[in-house]
Amino acid sequence: MNSNILTMQEYLKNKGIRITKQRQAILQVLLDRSCPLTANHIFSLLEERFPQLRLSTVYRNLNMFVDKNVVRKMELNPSNKESYFELNIGEHHHHLVCVKCNEIVPLDCPLKEYEKTIINKTDYILIDHKIKVYGICPKCRKE
């Protein structure tokens, strides 16, 4: 954990972000959970440790992290417009979302070869793509 914090401090410094305990804690939650979380969920995980923390502070920091390309913001649930956030590190991936319990499972990107075909056929420079797959998880199916 300490090596993650040191690395995180260096990373934030390189991005021009002032380091605070709250910012480190928000990023640590995203790192520990390794799946997208809502600001409300992050807040609930931190409020006991940081009693002065406000939900608005979590949102403000998350939006700043998005602006600095440290965190990705996404809409994952079609029935709920609440934004989800995840660290912008590692391989490009997509998400499988349970429409009942909102469980989110990361999926490897199946489009790497197809992107090359698109580039070759169209001469476009591809910037991004997003895939969201919706279903009902095994746990919810049993209920």
Side-chain angles (χ1 to χ4, degrees), residues 1-12 14-15 17-122 124-143:
M1 187 175 188
N2 276 345
S3 63
N4 282 342
I5 291 172
L6 288 176
T7 304
M8 189 184 307
Q9 288 175 342
E10 291 169 11
Y11 183 70
L12 293 177
N14 291 338
K15 292 279 192 174
I17 299 171
R18 190 171 61 86
I19 301 162
T20 67
K21 288 181 181 181
Q22 291 177 344
R23 288 177 180 167
Q24 283 181 206
I26 290 167
L27 291 175
Q28 192 65 51
V29 165
L30 290 171
L31 184 65
D32 291 344
R33 293 298 166 123
S34 69
C35 71
L37 299 172
T38 65
N40 281 314
H41 192 185
I42 294 167
F43 175 72
S44 70
L45 292 169
L46 294 175
E47 66 182 330
E48 187 176 309
R49 197 164 117 213
F50 295 97
Q52 302 301 319
L53 183 67
R54 299 287 170 253
L55 180 58
S56 60
T57 303
V58 173
Y59 271 109
R60 192 171 41 258
N61 280 295
L62 287 169
N63 287 322
M64 183 265 305
F65 290 146
V66 168
D67 290 343
K68 297 283 190 172
N69 206 26
V70 172
V71 168
R72 273 189 290 242
K73 180 179 180 177
M74 63 201 90
E75 311 300 322
L76 289 178
N77 188 334
S79 64
N80 170 358
K81 295 299 179 190
E82 193 169 10
S83 295
Y84 287 76
F85 299 87
E86 72 178 352
L87 289 177
N88 194 11
I89 56 174
E91 288 288 315
H92 171 75
H93 63 277
H94 301 285
H95 300 97
L96 172 61
V97 181
C98 178
V99 296
K100 289 193 172 209
C101 70
N102 290 322
E103 177 186 35
I104 301 167
V105 177
L107 301 172
D108 289 336
C109 179
L111 298 180
K112 292 175 186 169
E113 291 303 314
Y114 186 57
E115 279 188 340
K116 292 176 190 173
T117 302
I118 292 170
I119 291 166
N120 289 336
K121 284 185 176 183
T122 65
Y124 267 62
I125 296 172
L126 300 184
I127 298 168
D128 194 15
H129 70 266
K130 294 175 176 80
I131 297 174
K132 294 176 234 169
V133 182
Y134 300 101
I136 300 173
C137 72
K139 186 176 121 187
C140 289
R141 272 197 332 261
K142 287 180 185 175
E143 294 175 0

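As the structure is a computational prediction, the values presented were derived from the model and not from experiment.
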### Query
Hey, what do you get for CG (Asp67) to CE (Met64), rounding to the nearest 0.5 Å?
8.5 Å

### Task
Please lay out, stage by stage, how Lys116 and Glu113 fare under the test salt bridge (Lys or Arg N to Asp or Glu O under 4.0 Å).
CA-CA 5 Å; Lys116 292 176 190 173; Glu113 291 303 314; 3.2 Å; yes

### Message
Tell me whether the rings of His129 and His94 are parallel (<30°), tilted (30 to 60°) or perpendicular (>60°).
### Response
tilted

### Message
Testing the basics here: between Ile131 and Val133, what is the closest heavy-atom pair and its distance to 0.1 Å?
### Response
CG2-CG2, 3.9 Å

#### Entry: Point-to-point distance, once rounded to the nearest 0.5 Å, from OH of Tyr11 to CG of Leu87
8.0 Å

### Task
Start with the C-alpha gap between Val97 and Lys132, add the side-chain angles, then the distance that decides, and say whether side chain to side chain contact (heavy atoms under 4.5 Å, CB included) holds.
CA-CA 7 Å; Val97 181; Lys132 294 176 234 169; 5.5 Å; no

#### Entry: Working for side chain to side chain contact (heavy atoms under 4.5 Å, CB included), residues Arg23 and Phe65
CA-CA 9 Å; Arg23 288 177 180 167; Phe65 290 146; 3.8 Å; yes

#### Entry: Main-chain N/O of Leu53 paired with Thr57 side-chain donor or acceptor, under 3.5 Å
no

Which side-chain N or O atoms in residues 37-46 pair as donor and acceptor under 3.5 Å with protein atoms at least two apart or in another chain?
from: Thr38; atom 1: OG1; to: His41; atom 2: N; distance (Å): 3.0
from: Asn40; atom 1: ND2; to: Glu82; atom 2: OE2; distance (Å): 2.7
from: Ser44; atom 1: OG; to: His41; atom 2: O; distance (Å): 2.8

### Message
For Leu62 versus Leu30, what's the shortest heavy-atom pair and its separation?
### Response
CD2-CD1, 4.2 Å

### Residue pair Phe85 / Val58, side-chain heavy-atom distance below 4.5 Å
no

### Test log, rule side chain to side chain contact (heavy atoms under 4.5 Å, CB included), inputs Asp128 and His92
CA-CA 10 Å; Asp128 194 15; His92 171 75; 4.1 Å; yes

Quiz: residues 135-143 side-chain donor-acceptor pairs under 3.5 angstrom, not counting sequence neighbours:
none

### Summary
dist Gln9:CD -> Gln24:CD (nearest 0.5 Å) comes out at 4.5 Å

### Message
Just verifying a value: how many Å separate Leu76 CG and Lys130 NZ, rounded to the nearest 0.5 Å?
### Response
11.0 Å

### Task
Evaluate whether atom OH of Tyr134 has more than 12 neighbouring non-hydrogen atoms of other residues, nucleotides or ligands under 6.0 angstrom away.
yes

### Query
Ala25 and Phe50: which non-hydrogen atoms are nearest, and at how many Å?
CB-CE1, 3.4 Å

### Task
For atom CG of Asp108, decide whether the heavy atoms of other residues, nucleotides or ligands shown that lie under 6.0 angstrom number more than 12.
no

### Task
Kindly compute the distance separating CG (Asn61) from NZ (Lys68), expressed to the nearest 0.5 Å.
12.5 Å

### Message
Among residues at least two apart in sequence or on other chains, which ones pass side-chain contact (heavy atoms from CB on, under 4.5 Å) with Arg72?
### Response
Met74, Glu86, Asn88, His93

### Summary
Here the pair of heavy atoms bringing Pro36 nearest to His95 is CG-NE2, 3.4 Å

#### Entry: Smallest separation among heavy atoms of Lys15 and Val70, with atom names
CG-CG2, 4.0 Å

